[in-house]
Amino acid sequence: MIEFDKVAYSYGGGNLLSGLSLRLQPGSFHFLTGPSGAGKSTFLKLCYMELAPSSGMVQIFGQEARDMTRDQVAQARRRIGVVHQDCQFLDHLSLRENVALPLTVAGRDVAESEADIASLMEWVGLKDQQEQRPPELSGGERQRAALARAVIMDPDIILADEPTGNVDWEMSQRLLSLLVELNKLGKSVVVATHDMNLIRVAKSQVSARVLRIKDRTLQLAGADL
């Protein structure tokens, strides 16, 4: 679904990432680890084409990213759900409107999707908060809303950048459970995290691989979970 072949990314005159080769298979679950500043967010941005590699090849759903037209990039991005670390909500819109925003951007009739939106809000446990504004929400509620928005377009891949970084342990486990549910529905999932306890808990819930960014390269960290 996403393939890296000897990918490098340079920033500030030096390589931040170098020699990355990886295939993300359909239905796979990966944790991406590494110290702060190692390039985890950069790796995810390369996956959803916010950044372009300095060298090497990135293929997205069988197409080389550098050869894709603007329309092809837009279509590919609709198949990739992204949970950003900072959530990036529009504070003047209700939570429901924020979750539905990708539908609006894609030109879909939101009114026809109201039942799906309501089901999704209930799935993430935010049925009673859907008319609230983002500033009224707790950190855990914002992260669950970000996950709902990321999957509203029924993507094939979910990329989550430190989704549990600003929530307590109980909420971290709840978010992990939601991501595991998505994986069991056939979605590929990549979770960037520095929380090794979360990875240990995942061992009993999902078959996953751990990737580690170290010394600018991508390494497979040990056996399957």
Check the angle between the aromatic planes of Phe4 and Phe43 and answer parallel, tilted or perpendicular using the 30° and 60° thresholds.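 Correct class here is tilted.
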
Same cluster (ILVMFWY, side-chain, under 4.5 Å), [X] and [Y]:
X      : Y      : answer
Trp169 : Leu176 : yes
Leu93  : Leu147 : no
Leu51  : Leu32  : yes
Val151 : Phe29  : yes
Ile158 : Leu101 : no

Looking only at atom types and distance, does a side-chain atom of Asn98 sit under 3.5 Å from a main-chain N or O of Leu90, one as donor and one as acceptor?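 It does hold such a pair.
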
Main-chain N/O of Pro134 paired with Arg142 side-chain donor or acceptor, under 3.5 Å: yes

Arg78: what forms a salt bridge (Lys or Arg N to Asp or Glu O under 4.0 Å) with it, not counting sequence neighbours? none

Between Arg133 and Glu97, does any side-chain N to carboxylate O distance fall below 4.0 Å? no

Salt-bridged, Lys187 to Asp154, with N to O below 4.0 Å? yes

May I ask you to test the [X]-[Y] pair for a side-chain heavy-atom distance under 4.5 Å?
X      : Y      : result
Pro53  : Tyr9   : no
Ile213 : Thr33  : no
Val191 : His30  : no
Ile2   : Leu46  : no
Pro155 : Ile80  : no
Gln129 : Glu136 : no

Pairs touching residues 15-27 that satisfy side-chain hydrogen bond (donor to acceptor under 3.5 Å, both in side chains), sequence neighbours left out: Glu3-Arg23, Ser10-Asn15

Which residue pairs pass the side-chain hydrogen bond (donor to acceptor under 3.5 Å, both in side chains) test with at least one member in residues 173-185, sequence neighbours excluded? Trp123-Glu181

Taking all non-hydrogen atoms of both residues into account, name the closest pair between [X] and [Y] and its distance.
X      : Y      : value
Arg66  : Glu64  : NH1-OE2, 2.7 Å
Glu141 : Leu137 : OE1-CA, 3.4 Å
Pro163 : Val83  : CB-CG1, 4.5 Å
Val7   : Met57  : CG2-O, 3.2 Å
Asp67  : Gln72  : O-OE1, 4.1 Å
Asp161 : Ser41  : OD2-OG, 2.7 Å

Within 45° of the six-membered ring axis of Phe61 and under 6.0 Å from that ring's centre, is NZ or CZ of Arg79 located there? yes

Enter the distance from [X]:[atom1] to [Y]:[atom2] here, rounded to the nearest 0.5 Å.
X      : Y      : atom1 : atom2 : answer
Gln132 : Ser94  : CD    : OG    : 10.0 Å
Ile117 : Glu112 : CD1   : CD    : 11.0 Å
Lys45  : Lys40  : NZ    : NZ    : 12.5 Å
Leu16  : Thr42  : CG    : OG1   : 4.5 Å
Gln219 : Arg212 : CD    : CZ    : 7.0 Å
Ile199 : Asn197 : CD1   : CG    : 9.5 Å

Against Glu162, only a single residue in Gln85, His194, Gln143 fulfils side chain to side chain donor-acceptor pair (under 3.5 Å); can you say which? His194

Considering residues, nucleotides and ligands other than Glu131, do more than 12 of their heavy atoms fall under 6.0 Å from its CD?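 Yes - once you tally the heavy atoms of other residues, nucleotides and ligands closer than 6.0 Å, there are more than 12.
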
Is it true that atom CZ of Arg77 has more than 12 heavy atoms of other residues, nucleotides or ligands lying nearer than 6.0 Å? yes

Step by step, would you call Met171 with Thr164 a side chain to side chain contact (heavy atoms under 4.5 Å, CB included)? CA-CA 8 Å; Met171 185 54 63; Thr164 64; over 6 Å; no

From Asp109, Ile152, Asp116, residue fulfilling side chain to side chain contact (heavy atoms under 4.5 Å, CB included) relative to Leu103: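 The residue from Asp109, Ile152, Asp116 that satisfies side chain to side chain contact (heavy atoms under 4.5 Å, CB included) with Leu103 turns out to be Ile152.
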
